[in-house]
Every structure is written in C-alpha cells, then in structure tokens.
Amino acid sequence: MPITKAVITAAGWGTRFLPATKSIPKEMVPVVDRPAIHYVVQEAVESGIRLIVLVTAPEKKAIEDYFDRMPELERLLEAKGDMATLAEVRRPAQMARFCAVRQQEKAGLGHAVLAAREVIGNEFFAVLLPDDLIDGPEPCLRQMLRVHEQYGGSVVAVERVPREAVSRYGIVAPELLSGRVYRLRDMVEKPSPENAPSDLAIVGRYLLSPRLFDILEHTPAGRGNEIQLTDGIRALLREEPVYALEFEGQRHDTGNKLGFLKATVSYALRHPELGPAFRDYLCSLNVCHD
Ligand code: G1P
C-alpha cells in the first residue's frame with residue numbers, strides 16, 4: 001500500500017528564533033521568497049504524499065491560511081492581469097490536500113504526532129519536522145520510501161554529527177545492512193556524548209508504522225518532561241523492524257538563526273531569477289579578508 005499521508009508538526013513555540021517568532025509562526029519565516037514549511041510540503045508532495053496533516057496550535061493560524069485559497073486577493077490579481085503572481089498565490093493550496101489538527105498542549109513531539117492519529121488511521125505514514133530543510137539530488141522522503149519498499153518497516157533519516165553535538169538529537173544504535181541503510185537496535189533522545197550509541201543523529205524525517213500510535217498512547221514523558229517521538233520509536237523497534245537511511249543531501253536546520261542564514265544563502269544562490277545577481281552581490285562583499 002503506497003504511503004500517501006504525512007504529518008507536519010508545527011505547534012512549537014520556536015524559542016530558538018525569538019524575538020521574530022513572538023508573533024510569526026517559525027514555520028512561516030520566509031526562506032528567500034516562501035515560508036520554510038512550503039519547501040517541506042514540496043518535498044513530501046514530490047515523494048508521493050497527497051494528504052498533509054498539519055499539527056498546529058491556536059497562535060499559528062497563518063500556516064493554515066497559507067495553504068488555503070484567498071479568493072479576494074486572487075480576484076484582484078486576476079483583474080490586474082498579473083497571472084504569474086496569481087499562479088504563485090494559488091500554488092500552496094494546490095500542492096496537496098490539507099487538514100489541520102490542534103495539539104492541545106505543548107507536551108512534546110510524540111504527543112504532537114499522536115494528535116494526527118484519527119486522520120492517519122491504520123496505515124504507514126510520514127512525519128516531517130519543518131525546521132529541517134533537506135536539499136538533495138532526490139527528495140529525502142522519496143529516498144526513504146525506497147528503503148520501506150525494499151525492507152518494509154519504519155524508516156528514519158539519519159546523518160553523522162560531531163560527537164559534541166549528539167546531545168541535540170535522537171541518536172541511533174545502528175547495524176549496517178547495506179550501503180547507507182541500517183537496521184536499528186536502539187535509540188536514545190539527546191544523550192550526553194559519553195552515552196551516545198553512535199554519531200548517527202535522527203533528522204526530521206520519519207516513515208512510521210501505525211502501531212506507533214498505540215505505543216505513544218502509553219509512552220510516559222521523557223527528556224525535558226515531554227512525550228518524545230524517539231521514546232515511542234524505541235519501543236516500536238522491540239516489536240517491528242525500524243531502519244535508518246543515511247540520506248543523500250544537505251540538511252539545513254532553519255530553527256536556529258545561523259542554520260537559517262545558511263539555508264537562505266544556499267536557496268537564494270540557486271533561485272532561478274535571484275541567484276545570479278545574489279552571487280554577484282556576495283562576491284562583491286569581500287568579507288573573508290577582514
Ligand atoms: C527533534 C527530535 C530529535 C531529532 C531532531 C531532529 O528534536 O526529538 O530526536 O533528532 O528533532 O531535528 P528537537 O529539534 O525538536 O529538539
């Protein structure tokens with residue numbers, strides 16, 4: 001059965017990006033000319049996802065509005081004959097079908113995923129964390145779907161991180177299967193460097209078995225007193241196979257300020273209209289010799 005539903009968790013405060021995120025959802029902060037979450041939806045759609053379940057919070061209505069039609073604005077652009085802008089304005093709502101569910105309290109990533117249970121039902125589904133933009137030769141989620149097609153089971157995306165950074169991630173205990181694919185024996189959320197089972201960190205892409213929902217219902221609060229997705233998947237891998245894929249591509253963590261700046265430069269350089277002029281501008285700065 002093809003995987004066609006994805007959960008995008010977008011209910012957090014965005015504390016790493018204050019003060020901007022005091023009144024703008026962090027997912028709506030633009031990277032070049034569209035909000036960060038647009039790129040994540042695009043990756044999902046290019047991987048075959050047809051229904052996006054947005055897990056949001058009361059103060060984040062702007063996300064739902066972005067993926068909806070805006071008839072008044074559309075009529076205005078139509079009357080002006082600005083068909084190019086009209087197409088851009090319509091595109092987000094046309095990318096997929098969207099529905100939004102509320103996470104009723106900010107009780108952790110596992111709790112946020114559980115909020116989508118009724119919409120997902122009893123089928124494998126994807127989870128994408130919108131802080132992570134992944135730019136690769138092939139959409140990261142599509143690379144993971146190929147692993148799922150070959151081996152079955154759940155799949156998480158991983159990348160190697162410096163030892164001193166392991167405490168910012170879920171870290172896996174891997175057993176190499178072939179190439180870039182691992183079978184997971186264990187995982188731990190944000191370990192200290194001494195206790196980390198490897199340097200392979202989970203990034204914000206998951207393909208998950210619906211069995212996880214039953215598990216999350218009973219997963220106690222863990223690290224940070226929150227219900228952790230990592231703890232749920234850790235229990236899942238005792239019952240069903242869970243794989244990790246060291247994906248091909250470059251990940252940008254747009255949830256932190258430096259990662260966001262790097263993503264902006266990288267996406268701007270590749271932008272078909274802005275790229276060449278932006279490159280000239282960067283070269284003219286000569287900042288490296290200061
Ligand atoms: C979350 C997950 C963590 C994962 C990370 C990837 O942490 O809990 O396991 O490694 O995303 O970005 P967060 O960044 O929300 O603290």
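One-based numbering, in listed order, for ligands and for the atoms of each. A quick note: this is a predicted structure, and the numbers were derived from the prediction, not measured.
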Minimum-distance protein heavy atom relative to atom 13 (P) of ligand 1: Lys190 NZ, 3.6 Å
Give a yes or no on whether the backbone of Glu273 and the side-chain of His271 come within a donor-acceptor separation of less than 3.5 Å. yes
Hey, does the side chain of Ser198 reach the backbone of Val172 with a donor-acceptor pair shorter than 3.5 angstrom? yes
Should the pair Arg16-Asp131 be classified as a salt bridge under the 4.0 Å nitrogen-to-oxygen rule? yes
Proximity of Leu129 to ligand 1 by residue part, where a heavy atom lies under 4.0 Å: side chain
Report the part of Asp132 (side chain from C-beta onward, or backbone N, CA, C, O) that has a heavy atom under 4.0 Å from ligand 1; answer both or neither where that applies. side chain
What's the shortest distance from atom 10 (O) of ligand 1 to any protein heavy atom, and which residue and atom give it? Ile202 O, 2.6 Å
Is_contact(atom 15 (O) of ligand 1), protein non-hydrogen, under 4.0 Å: no
List ligand 1 atoms under 4.0 Å from Thr230, heavy atoms only on the residue side. 9 (O)
Any side-chain donor near an acceptor of the partner, Tyr182 and Glu246, under 3.5 Å: yes
Is it the side chain, the backbone, both or neither of Glu189 that has a heavy atom closer than 4.0 Å to ligand 1? side chain
Please indicate whether any nitrogen or oxygen in Gly170 is less than 3.5 Å from any nitrogen or oxygen in ligand 1. yes
Any salt bridge linking Glu240 with Arg211? Criterion: basic side-chain nitrogen under 4.0 Å from a carboxylate oxygen. no
Considering both backbone and side-chain atoms of Arg251, is one of its nitrogen or oxygen atoms within less than 3.5 Å of a nitrogen or oxygen in ligand 1? no
Looking only at heavy atoms, the pair that brings Thr254 and Pro130 closest together is OG1-O, 3.9 Å
